[in-house]
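A short worksheet on the structure shown next.
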Amino acid sequence: MENQFVLFGNQIIERDHVSIDMEDRGYNFGDGIYEVVYIYGGEPFSLNEHFRRFEESASKLDMKLPYSIEQVKEKTAELIKANNIHNGIVYIQMTRGASPRAHLYERESASLITGFARKMDPPADAQEKGIKTYLTPDIRWLRCDIKSLNLLGNTMAKRIAADHSCGEALLHRDGICTEGSSSNLFIVKNNEVHTHPATNLILNGITRQHIIEITGEEGITVNEEPFTTEELQAADEVFISSTTMEIAPVISVEGAVQATYPIGSVTRRLQEKLKDRIKQHRVHQ
Ligand code: PMP
């Protein structure tokens with residue numbers, strides 16, 4: 001297999017040589033966290049922001065890093081190099097490690113960090129033409145702010161969307177739109193941007209944070225306030241964001257509400273400004 005070097009503990013080894021214990025808590029309980037970082041031209045984008053969130057997720061789950069975050073960053077850089085990634089992603093995960101299966105975790109357990117890197121081009125088609133979405137109830141737990149390995153609510157929603165020929169599921173909790181199954185959600189109304197506040201009900205996306213900074217620079221008002229499914233339906237423009245997608249326009253929603261949307265000027269402007277940030281980052285490396 002191509003790109004076969006992986007991070008296992010603190011070593012870069014061949015993927016075939018990995019051995020994970022049957023009773024690793026990540027495997028038994030989904031007891032772990034992860035990050036996905038995009039690599040542009042060989043350089044990871046917003047690496048520090050991603051690893052700050054990684055440390056926050058660990059701390060919220062009372063989980064200790066087996067070595068320093070600086071070393072995790074160094075290992076990530078080695079992993080990218082070993083796999084010769086120009087454009088792609090690097091996935092880093094940490095579980096609470098192996099122990100005889102029991103719900104109660106010990107604070108001193110030996111966390112296990114693993115990671116892989118993969119070549120991947122930004123999804124130009126989705127960015128250009130937009131994607132269809134499907135609105136479905138948000139059945140996830142109440143700590144969506146933690147980037148944990150427990151993603152069943154997300155994966156089930158993504159399957160429902162795909163079964164309706166949609167590229168992303170949008171989620172709502174009792175009529176309040178939260179986010180996408182693997183993205184943050186924004187609507188535009190009268191040239192103002194609205195997105196769910198960074199509470200326990202959403203993941204505070206790194207791309208989301210860039211977009212909020214950009215709206216500030218561009219003099220666009222952003223309302224970090226909950227909005228309803230009716231407001232989603234009546235929006236002028238809708239878009240979603242994530243590390244792997246950057247910004248993708250939403251051209252339609254089906255399911256709990258139905259609407260179609262044009263790809264508007266605010267979405268296009270934010271897409272362009274985010275691309276500028278990514279380019280600048282490469283120049284400054
Ligand atoms: N929300 C969820 C549920 C996600 O899985 C993701 C993608 N990791 C995001 C939002 C977007 O976060 P980011 O911009 O950091 O990729």
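Since the model is a prediction, treat every value here as computed from it, not as a measurement. Read the numbers this way: they start at 1 and go in the same order the structure lists the ligands and their atoms.
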message: Under a 3.5 Å threshold, yes or no: a donor from one side chain and an acceptor from the other, between Lys73 and Asn48?
response: yes
When distances are taken from atom 5 (O) of ligand 1, the protein heavy atom at minimum range is Ser182 CA, 3.4 Å
| query | Is any NZ, NE, NH1 or NH2 atom of the basic residue among Arg53 and Glu56 found under 4.0 Å from an Asp or Glu carboxylate oxygen of the other? | reply | no
Atom 1 (N) of ligand 1 sits nearest the protein heavy atom Glu179 OE1, 2.7 Å
With a 4.0 Å cut-off on N to O distance, would you call Glu108 and Lys64 a salt bridge? yes
Ligand 1 to Lys147, heavy atom cutoff 4.0 Å, flagged ligand atoms 7 (C), 8 (N)
Note: ligand 1 atoms sitting under 4.0 Å from heavy atoms of Asn154 are 3 (C)
**Q.** 4.0 Å heavy-atom contact, Ser181 with ligand 1
**A.** yes
the protein heavy atom lying closest to atom 16 (O) of ligand 1 turns out to be Thr243 OG1, 2.6 Å
TODO: Kindly indicate whether the side chain of Lys81, heavy atoms from C-beta on, has any atom under 4.5 Å from the side chain of Ile12.
DONE: no
Problem - Polar proximity ligand 1 side, Ile206 side, N/O cut 3.5 Å exclusive - result: yes
If you scan protein heavy atoms around atom 14 (O) of ligand 1, the nearest is Thr207 OG1, 2.6 Å
Using a strict 4.0 Å threshold on nitrogen-to-oxygen distance, state whether Lys275 and Glu246 make a salt bridge.
-> yes
Exercise. Are Asn184 and ligand 1 in contact, using a heavy-atom cut-off of under 4.0 Å?
Worked result: yes
Atom 12 (O) of ligand 1 sits nearest the protein heavy atom Gly205 CA, 3.3 Å
Query - Any side-chain heavy-atom pair of Glu272 and Arg269 under 4.5 Å - result: no
State whether the shortest distance between N or O atoms of Arg53 and N or O atoms of ligand 1 falls below 3.5 angstrom. yes
Self-check item: Flag, side chain of Asn87 to backbone of Met120, donor-acceptor distance under 3.5 Å
Solution: no
